[in-house]
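One structure is given here, and the rest of the page talks about it.
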Amino acid sequence: NSAVMRVAQLAADTQWHCAVALFSWSSEGKFDRYAADIERSGYSVPELTLALRALAAAGIKTEIVAHSMGARVTLTALAAICARHPLAVSDQLLLVAPDVSAEHDNDDFGHLLARSAPCVSRATVYASDNDLILVTSEGVHGGIPRAGRVPARDLQYIREGKVEVVDASAAPGDPFGHGYFVLSYEMMDDMMWTLAGLPAAVRARPDALGGPTLLADANGRYALKVAAARGPDRQTRLLRALWPLIFRVQ
């Protein structure tokens with residue numbers, strides 16, 4: 001039920017004017033059942049592959065927003081489609097807080113992103129170093145970094161006109177920092193323009209329609225624009241400072 005509500009919220013808040021579909025899988029949603037969720041997510045890949053292939057074959061243009069472990073399901077499905085018959089599956093692919101391993105010597109995220117590239121016009125990766133759920137995931141995975149947890153590490157995936165990275169660490173949201181994509185109007189604004197096809201450079205311009213949603217530094221790196229007053233309270237800052245000490249991270 002919560003997934004349906006969030007999809008409806010996304011459609012409304014991003015002012016999406018087309019049909020909206022939800023693909024979900026049988027997550028237990030429990031902290032101590034994380035390993036079981038990983039296995040179940042893999043079972044759903046063939047179903048998503050069939051659905052995306054059918055949409056592409058019918059000439060239906062799609063935009064995809066994938067969150068957390070759903071990013072692995074989505075990228076694996078796209079990679080499977082592209083490996084056989086590259087199709088124009090998705091125009092804009094938004095990977096929010098992707099819970100996919102990004103280890104230096106065994107970079108699942110990088111490999112899946114590269115294999116999916118022929119089927120996607122542009123991919124945008126949103127990452128936050130305040131995402132405590134991904135900190136937990138990293139600990140569960142023996143310290144293997146997650147693609148959605150360290151924005152600076154994700155800069156390696158940038159491909160001009162093909163893959164963009166946004167640092168969403170400042171996004172307001174829940175204390176655990178994982179649901180920021182639906183709990184922050186700043187994220188909703190940026191996602192709205194991303195889904196509309198505007199690149200990060202345009203969304204960061206001072207004269208951007210509706211005002212800039214991103215900030216760009218001297219090196220061309222992009223971060224979500226958030227007013228200082230919208231920052232986390234003292235309790236949230238304390239929680240975020242202590243959490244990585246509990247779980248082993250790199």
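The residues of the chain are indexed from 1 along the displayed sequence. Computed over heavy atoms, backbone and side chain alike; hydrogens, waters and symmetry mates excluded.
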- Check step by step if side-chain hydrogen bond (donor to acceptor under 3.5 Å, both in side chains) holds for R146 and S101. CA-CA 5 Å; R146 318 315 292 166; S101 60; 4.6 Å; no
- Message: Set out, in order, the CA-CA distance, both residues' side-chain angles and the distance that settles salt bridge (Lys or Arg N to Asp or Glu O under 4.0 Å) for E186 and R230, then state yes or no.
- Response: CA-CA 10 Å; E186 294 91 346; R230 292 271 292 160; 2.8 Å; yes
- Between N130 and S128, is a side-chain hydrogen bond (donor to acceptor under 3.5 Å, both in side chains) present by the stated rule, with each step listed? CA-CA 5 Å; N130 286 318; S128 169; 4.7 Å; no
- Residues M188, L183; criterion side-chain contact (heavy atoms from CB on, under 4.5 Å); working and verdict: CA-CA 8 Å; M188 285 293 184; L183 297 175; over 6 Å; no
- Message: The test is side-chain hydrogen bond (donor to acceptor under 3.5 Å, both in side chains); show your working for D190 and Y185 and say whether it passes.
- Response: CA-CA 9 Å; D190 190 63; Y185 70 75; over 6 Å; no
- When you look at D189 and T213, which way does the side-chain hydrogen bond (donor to acceptor under 3.5 Å, both in side chains) test go after all the steps? CA-CA 7 Å; D189 285 348; T213 56; over 6 Å; no
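Remark: side-chain polar atoms of R149 are not paired, donor with acceptor, to backbone N or O of E138 under 3.5 angstrom. The backbone N or O of P232 lies less than 3.5 Å from a partner atom in the side chain of R237, making a donor-acceptor pair. No side-chain donor-acceptor contact under 3.5 Å links K162 to the backbone of A123. Panel note: side chain R240, backbone P175; a donor-acceptor pair is recorded below 3.5 Å. Distance alone, capped at 3.5 Å, is enough to place a donor-acceptor pair between the D174 side chain and the G179 backbone. A distance-only check finds no donor-acceptor pair linking the side chain of E47 to the backbone of S44 [under 3.5 Å]. For the pair T136 (side chain) and L132 (backbone), a donor-acceptor distance under 3.5 Å is present. Side chain of T76 to main chain of R72: a donor-acceptor pair is present (N/O by atom type, distance under 3.5 Å, no hydrogens or angles). A donor-acceptor pair under 3.5 Å is absent between the side-chain atoms of E164 and the main chain of V125, judged by distance alone.
When side chains are defined from C-beta on, Y157 counts as touching L113, because their heavy atoms get closer than 4.5 Å. Counting only heavy atoms from C-beta outward, the side chains of I158 and V163 never approach each other to under 4.5 Å. Side chains of R205 and P212 form no contact here, defined as non-hydrogen atoms less than 4.5 Å apart. Looking at V150 and P145, their side chains never come closer than 4.5 Å, going by heavy atoms from C-beta outward. L95 places none of its side-chain heavy atoms less than 4.5 Å from the side chain of T124.
Nearest heavy-atom pair across G197 and R122 is O-NH1, 3.2 Å. Closest non-hydrogen pair, A208 versus V202, comes out as CB-O, 3.5 Å.
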Per-pair distances, 0.1 Å, donor-acceptor, side chain in residues 54-66, under 3.5 Å, sequence neighbours excluded:
unit_1 : atom_1 : unit_2 : atom_2 : d
T62    : OG1    : V89    : O      : 2.4
E63    : OE1    : Q92    : N      : 2.8

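Under the 4.5 Å side-chain heavy-atom criterion for ILVMFWY residues, no single connected hydrophobic cluster contains both W193 and Y180. Hydrophobic clustering (ILVMFWY, side-chain heavy atoms < 4.5 Å, transitive): V7 and M191 are in one cluster. A single hydrophobic cluster is seen to contain both V20 and L10, as judged by linkage of ILVMFWY side chains at heavy-atom distances under 4.5 Å, directly or through other members. Hydrophobic clustering places V45 together with V120 (ILVMFWY residues linked when any side-chain heavy atoms are closer than 4.5 Å, directly or through intermediates).
Under the 30°/60° scheme for interplanar angles, the aromatic rings of H178 and H67 are found to be tilted.
Residues passing the side chain to side chain donor-acceptor pair (under 3.5 Å) test with D217: none are found, sequence neighbours excluded.
If you look at F181 and Y126, their ring centroids are not closer than 6.0 Å.
Around the CZ atom of R221, the shell of radius 6.0 Å holds no more than 12 heavy atoms that belong to other residues, nucleotides or ligands. Heavy-atom contacts from other residues, nucleotides or ligands closer than 6.0 Å to NE2 of H111 number more than 12.
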